[in-house]
Amino acid sequence: STSVPPTKYIRGHDIPGNDMDPCGSQGCSLPMSTTYLDCEAKCNATAGCIAYVFSVASCDTPAGSNVCWLKSSVGAPSLQPCRNYRVLVPLSKGPYCPLMTEWGTKVTLGTQPLPEYPPPQLLPRPASPWVTPNDLWKVPP
């Protein structure tokens, strides 16, 4: 299986779900003086934590505290301007494709389809009138 390396600190995205104790789905409230590095240290000190999400106070969290969410697994990130994340450990299946197959691991950007599987040939249709349903409809009274 392939391995996806840890990520850099990625801004403006959240990793929804898979929240773990001690923070849970509400996250751990941290003092306003903390940074994402404090959240990272909390993840490193928690068994089973492979990633974290950090949000600063007054962005999308209650005023007066920063928030840290610890993650036990990683799904696809979602755009969330006030949240930032980092995956700390290499993932054997990648953060974006948890259902990788043995064939999917062999596909690369340069892979070409086999010649015995040509794309379908689109033939012109004979001229025939057809109606689109995306027009005004005339309904009898």
Side-chain angles (χ1 to χ4, degrees), residues 1-140:
S1 80
T2 60
S3 179
V4 175
T7 64
K8 296 180 180 178
Y9 185 63
I10 300 180
R11 297 180 185 275
H13 287 81
D14 186 13
I15 307 171
N18 307 308
D19 300 308
M20 60 182 295
D21 290 333
C23 301
S25 62
Q26 299 299 315
C28 289
S29 292
L30 302 175
M32 290 185 54
S33 61
T34 58
T35 69
Y36 71 93
L37 294 174
D38 297 299
C39 187
E40 185 168 316
K42 184 177 273 303
C43 184
N44 283 327
T46 304
C49 183
I50 65 166
Y52 66 88
V53 174
F54 181 75
S55 182
V56 296
S58 73
C59 192
D60 71 338
T61 59
S65 69
N66 296 335
V67 179
C68 175
W69 291 269
L70 305 181
K71 304 294 181 172
S72 59
S73 63
V74 178
S78 64
L79 186 62
Q80 185 82 341
C82 293
R83 302 215 178 153
N84 311 303
Y85 79 91
R86 181 166 185 227
V87 177
L88 298 175
V89 298
L91 301 173
S92 61
K93 294 182 181 179
Y96 310 114
C97 189
L99 299 175
M100 184 62 69
T101 66
E102 64 179 277
W103 302 279
T105 60
K106 297 175 185 175
V107 175
T108 63
L109 291 176
T111 303
Q112 295 294 319
L114 298 174
E116 58 266 25
Y117 296 106
Q121 302 300 312
L122 300 176
L123 301 174
R125 299 179 97 179
S128 65
W130 59 280
V131 179
T132 176
N134 300 328
D135 204 350
L136 295 176
W137 290 41
K138 296 179 183 172
V139 180

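Note that the structure is predicted; figures quoted are calculated from it, not measured.
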Practice problem: Using a 4.5 Å cut-off on heavy atoms from C-beta on, say whether the side chain of C68 contacts that of D38. | Solution: no
Exercise. Would you mind reporting whether Q80 and V53 have side-chain heavy atoms less than 4.5 Å apart?
Key: no
Quiz item: Nearest heavy-atom pair of L70 and C49: which atoms, and what distance?
Solution: CB-SG, 3.8 Å
Exercise. Anything under 30° is parallel, anything over 60° is perpendicular, the rest tilted; go ahead and classify Y52 against Y36.
Key: parallel
Quiz prompt | L88 side, atom CG; E40 side, atom CD - distance, nearest 0.5 Å | solution = 5.0 Å
Quiz item: For I10 and T7, which heavy atoms make the closest approach, and how far apart are they?
Solution: CD1-CB, 4.0 Å
Quiz item: For V74 and N18, which heavy atoms make the closest approach, and how far apart are they?
Solution: N-ND2, 4.3 Å
Quiz prompt | Any donor-acceptor pair under 3.5 Å from N66 side chain to T34 backbone | solution = yes
Quiz item: Can you tell which of C28, C43, P16, S55 makes a side-chain contact (heavy atoms from CB on, under 4.5 Å) with W69?
Solution: S55
Self-check item: For D19, salt bridge (charged side-chain N to carboxylate O under 4.0 Å, His left out) partners two or more places apart
Solution: K71
Quiz item: For the atom pair OH (Y85) and OG (S78), what is the distance rounded to the nearest 0.5 Å?
Solution: 9.5 Å
Self-check item: Reported CG-to-NE2 distance for the pair L79 and H13, which is rounded to 0.5 angstrom
Solution: 5.0 Å
